[in-house]
Amino acid sequence: MEQLQITGGKSLYGELEIAGAKNAALPILCASLLSAEPLEISNVPDLHDVATLCRLLAQMGVKIERTPHHIYLDAKSLTSTTAPYDLVKTMRASILVLGPLLARFGEARVSLPGGCAIGSRPVEQHIKGLEAMGAKITIEEGYIHAMASRLKGARIVTDMITVTGTENLLMAATLADGQTIIENAAREPEVSNLAYLLNAMGARISGIGSDRLVIDGVTELHGVTAANPAATIIADRIEVGTFLCAVAATSGEVVLKNAYSAVQPFWLDCLDAVIDKLRQAGAEIETHSSYCKIKMNQRARAVSFRTQEFPGFPTDMQAQLMAVNCTAQGSSTMIETIFENRFMHVNELRRLGADIMVDGHTAVCQGVEKLTGAPIMATDLRASASLVIAALCAQGQTKIERIYHLDRGYESMEKKLGLLGAQIERV
Ligand code: EPZ
């Protein structure tokens, strides 16, 4: 089992290219199921989760040609409309094939995604919305079995804001008969990236970026080539935030660049909540059209925060900013409002000497002068990023086990950090 070996105490200097967003790539790859014509997507991140989804789509009969950052998908004729348990259990985002399969083929059998480390992650909102559009859905032997001759437009109000729930219903609605309104829609930039691509495929979606999406169904969607800017995955805001936290914790000066800023001019606007917190912590952060720069030459000040749906502070950044708070000056209160069990990194941070107390959805951290390296274990994707950040500023050596969690959402994290001067290697 691979591990990361990190010797902390090094400041980070240099510049990095930010990859495409995992949570935009996954729904966009599933959108290929909506059309008989091919889809070409660029700036796709080279991640395990993307490879897993490509395997699932190929198993259904989608023809896929893939280079590390560019994917061509042709879903002209499928051989199966089933997403099997053995693949879905390794990646919950497989649920995103449900809406497109039902909308274009009238049938789908998708394994119920199990829970995961951070929570039970139910999908009843996805099902409720599709039933509102006329789908007949039963749960048999751990599978969601959905049937619909043709989905009908409906007004859907989800009980809570759900990112993949909004994406599943949005994709289904593009081919439904009539108008669908999704109230309480998720406003994450990844949802908008998907919506603009769907419109480039011929869908008729309005209200993009708002919590009210209005979709006028059409009978079919056409393909899109990579020449269309809508077929470019947006920069990964969580990767940007993760590296900003790494510099805020270790000190240094780093530039993070987006090679696609020409077609994504406002790519940093979606990180306001994170940048604001890191500025409060004492980091100097400049944002420009094609890059952002962080300078940190002092011990961070502790910052409190509460996670919220976009545009609030993202839950996917909670563990990383907690790592900064571990050695910051003062105490901080961190409230996780989205998932019920997203403090798995706390026990591992404590092993490095962090002083954190958890009570339900609230963690209180007293910043300590220094952390000390020790063997620790990753439990989920963003928790593993948090452990890397803490290890980078711990004294001595840290070994992090189960780093396959990290590879799900970050392209060769250790290579990128090594380029910035960190002493880190995969063993
Ligand atoms: C997406 O997960 C992201 N994954 C997650 O990123 C992210 O943490 C999450 O949104 C919140 O921003 C992808 O986009 C592939 P939700 P998702 O549905 O859609 C509850 C990462 O690290 N809920 O918005 O599964 C749910 O339990 C991953 O990249 C229901 O109760 O999250 C949670 O408490 C982790 N019933 C809350 O809503 C439902 O039917 C938000 O979940 C749906 C959701």
Side-chain angles (χ1 to χ4, degrees), residues 19-31 45 47-50 52-53 56 88 90-99 110 112-132 137 139 144 156-171 182 184-194 211 233-234 236-242 270 273-274 307-320 336-345 361 378-386 405-411 413:
K22 167 179 83 79
N23 292 347
L26 297 176
I28 282 177
L29 295 179
C30 294
L47 302 171
H48 282 202
D49 273 8
V50 170
T52 303
L53 185 55
L56 172 61
V88 175
T90 65
M91 190 191 57
R92 312 176 20 70
S94 312
I95 189 72
L96 286 165
V97 302
L98 177 61
V110 178
L112 263 177
C116 74
I118 63 177
S120 60
R121 313 285 296 271
V123 291
E124 86 285 344
Q125 300 301 313
H126 303 234
I127 291 168
K128 168 185 161 185
L130 293 171
E131 285 178 332
I137 297 183
I139 309 282
I144 301 167
I156 302 164
V157 187
T158 52
D159 296 1
M160 80 293 291
I161 294 172
T162 157
V163 174
T164 50
T166 299
E167 292 166 343
N168 239 335
L169 299 175
L170 176 63
M171 289 191 278
I182 303 175
N184 214 10
R187 297 173 51 198
E188 272 67 6
E190 295 76 24
V191 178
S192 300
N193 196 186
L194 170 67
D211 63 357
I233 302 294
I234 56 172
D236 191 329
R237 62 194 169 103
I238 305 302
E239 186 187 30
V240 175
T242 301
C270 63
V274 173
T307 62
Q308 289 288 357
E309 295 88 355
F310 189 85
F313 187 89
T315 175
D316 290 352
M317 281 301 307
Q318 176 255 108
Q320 297 93 309
E336 172 56 59
T337 70
I338 307 293
F339 289 109
E340 67 265 29
N341 187 32
R342 204 168 195 175
F343 286 141
M344 303 280 281
H345 40 288
H361 285 254
T379 51
D380 58 272
L381 169 54
R382 305 305 173 181
S384 39
S386 168
H405 290 291
L406 194 69
D407 298 331
R408 296 191 50 175
Y410 293 97
E411 262 187 37
M413 163 94 69

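Remember, it's 1-based here, ligands and their atoms both numbered in the order they're listed.
When hydrogens are left out, the protein atom nearest atom 35 (C) of ligand 1 is R342 NH2, 3.7 Å; that is the closest non-hydrogen contact. At the shortest separation from atom 27 (O) of ligand 1 among protein heavy atoms lies P122 CD, 3.6 Å. Protein heavy atom at the shortest distance from atom 15 (C) of ligand 1 is N23 OD1, 3.4 Å.
The closest donor-acceptor contact from the side chain of N184 to the backbone of T158 lies under 3.5 Å. The backbone N or O of Q318 sits nowhere less than 3.5 Å from a side-chain atom of E336 that would complete a donor-acceptor pair. Within the 3.5 Å criterion, the main-chain N or O of F310 finds a donor-acceptor partner in the side chain of E188. Side chain of E167 to backbone of L194: no donor-acceptor contact under 3.5 angstrom is found. Not one N or O on the side chain of K128 forms a donor-acceptor pair closer than 3.5 Å with the backbone of I156. Although no hydrogens or angles enter the test, the distance criterion places no donor-acceptor pair under 3.5 Å between the side chain of T307 and the main chain of T315.
Annotation for ligand 1: atoms under 4.0 Å from non-hydrogen atoms of L381 are 22 (O), 29 (O). Numbered from 1 in the order shown, with element, the atoms of ligand 1 that lie under 4.0 Å from a heavy atom of Q125 read 36 (N), 39 (C), 40 (O). Atoms of ligand 1 found under 4.0 Å from any heavy atom of T315 (numbered from 1 in listed order, with element): 8 (O), 11 (C), 12 (O). Heavy-atom contacts of R121 reach the following atoms of ligand 1: 2 (O), 17 (P), 25 (O), 27 (O) (cutoff under 4.0 Å). Numbered from 1 in the order shown, with element, the atoms of ligand 1 that lie under 4.0 Å from a heavy atom of H126 read 40 (O). Within the listing of ligand 1, atoms 21 (C), 29 (O) sit less than 4.0 angstrom from a heavy atom of K22.
The distance from the CD1 atom of I137 to the CG atom of L98 is 6.0 Å, given to the nearest 0.5 Å. To the nearest 0.5 Å, the span separating CG on N23 from CG on L96 amounts to 9.5 Å. The line from CD1 of I118 to CG of L381 is 8.5 Å long, rounded to the nearest 0.5 Å. Separation of atoms NE2 (H126) and CD (E131) is listed at 13.0 Å; rounding is to 0.5 Å.
By the criterion of a heavy-atom distance under 4.0 Å, neither the backbone nor the side chain of R408 is placed next to ligand 1. Contacts with ligand 1 closer than 4.0 Å are made by no heavy atom of D380, backbone or side chain. Proximity of T164 to ligand 1, defined as any heavy-atom pair under 4.0 Å, is shared by backbone and side chain alike. The proximity of D316 to ligand 1, defined as any non-hydrogen pair under 4.0 Å, is limited to the side chain. With a heavy-atom cut-off of 4.0 Å, E167 does not touch ligand 1 at all. When non-hydrogen atoms are compared, ligand 1 lies under 4.0 Å from the backbone of T162 as well as from its side chain. At a heavy-atom cutoff of 4.0 Å, ligand 1 is contacted by the side chain of R382 but not by its backbone.
Within the 4.0 Å heavy-atom shell around ligand 1 one does not find G119. The shortest separation from a heavy atom of Q308 to ligand 1 is not under 4.0 Å, leaving the residue out of contact.
In terms of polar-atom proximity, defined here as any N/O pair under 3.5 Å, F339 makes no such contact with ligand 1. For the pair M160 and ligand 1, the shortest N or O to N or O distance does not fall below 3.5 Å.
Electrostatic pairing of E190 and K22 does not count as a salt bridge here, judged by no charged N lying under 4.0 Å from a carboxylate O. Salt bridge status for R408 with D49: present, with a side-chain N to carboxylate O gap under 4.0 Å.
Among E188, E124, M91, the residue whose heavy atom lies nearest to atom 36 (N) of ligand 1 is E124. Taking each of I118, I338, V163, L194 in turn, the one with a heavy atom nearest to atom 1 (C) of ligand 1 proves to be V163.
The two residues V274 and P314 come nearest to each other via the heavy atoms CG2-CD, 3.7 Å.
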